[in-house]
Amino acid sequence: MRTIITTKTVLLITAVCVAGAAALQGADNAFKWRVHDMDRPLPTAVTPGDFCTHSAPSDATVLFAGSTTDNLVRFGTDQPILWKVEGDDLVVTPGSGDIATKDSFGDCQFHIEWMVPADRECKGQAGCNSGVFFFSQYEVQIVQGLDNRTYADGIAGSLYGQHPPMVNPCKAKGEWNAYDIIFRAPRFNVDGSVAHAATTTVLFNGIVVQDNTAILGSTAHGQRAKYAKHADRMPIKIQNHGDPLRFRNIWVRELGAQPVAQ
Ligand code: MG
């Protein structure tokens with residue numbers, strides 16, 4: 001078959017390409033930078049106001065409130081976790097594996113308080129790292145974010161390897177931080193394609209750092225994230241990166257469907 005390329009056709013193709021590129025870049029800056037690009041601008045440091053702790057509301061599933069860990073399991077098993085309970089804190093035991101919720105969750109509100117010990121040495125991604133993985137695969141990064149230089153898409157409050165936080169309100173080592181996260185799950189078509197990307201809103205020490213941010217796919221290290229169809233509900237994982245971070249007041253609330261304007 002002979003294809004006739006006219007000036008009009010060339011202009012049309014050019015217009016479509018330019019519009020497509022603009023849509024990608026306009027939607028987000030994520031494609032403008034290499035994954036973990038050290039030249040990507042870091043978010044401005046912001047000093048948060050007074051710390052406000054949040055114990056679980058009455059309709060939450062309590063994951064940790066200072067004693068029982070019955071609603072948590074060793075990731076990928078139904079076995080009790082091997083992290084330590086010290087006073088009101090849950091402490092990562094290096095080498096004991098990730099932990100996860102016993103139940104599965106879809107759309108949810110998630111709260112966690114975390115702290116890097118004051119005497120801990122942090123070097124970029126090493127030494128002071130953890131993270132919350134929704135559906136066991138979409139990470140909101142936890143890492144010491146003050147006085148610890150690393151790449152912008154990997155600092156505290158980032159969607160790891162994808163979106164840096166809008167600002168950096170991380171506290172110093174030895175001080176508590178809090179995340180309040182609203183996670184909306186991705187929706188898939190029957191053929192496995194993405195109908196709606198997952199979205200996340202993150203308040204970091206009371207400050208919005210992710211605002212209904214579209215997630216690009218399952219968290220990956222050093223490569224572009226991609227989606228692979230999965231169940232409507234899956235466990236939430238908390239990462240054991242080999243560093244003895246401390247946690248408290250961990251809870252999750254299920255969310256109904258987002259209201260639609262009538
Ligand atoms: Mg991490």
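For ligands, and for the atoms within them, numbers begin at 1 and follow the listed sequence. Atom set for the values below is all heavy atoms of this structure, side chains included, hydrogens, waters and symmetry mates excluded.
Protein N/O/S atoms closer than 2.8 Å to the Mg ion (ligand 1): Asn129 OD1, Ser130 O, Glu139 OE2, Gln141 OE1, Gln239 OE1.
Residue pairs meeting the disulfide bond (SG atoms under 2.5 Å apart) criterion with at least one member in residues 127-182, sequence neighbours excluded: Cys122-Cys128. Among residues at least two apart or in separate chains, ring-ring contact (aromatic ring centres under 6.0 Å, His included) pairs with a member in residues 43-79 are His54-His111.
Checking Asn71 against Thr61 by side-chain atom types alone, no donor-acceptor pair falls below 3.5 Å. A side-chain N or O of Gln125 and one of Thr150 form a donor-acceptor pair less than 3.5 Å apart.
Applying the ring pair (Phe, Tyr, Trp, His ring centres under 6.0 Å) rule to His230 yields the partners Phe135, Tyr138, Phe188; only residues at least two apart in sequence or on another chain are considered.
We find that Arg246 and Asp88 are not joined by a salt bridge, their nearest charged nitrogen and carboxylate oxygen being 4.0 Å or further apart.
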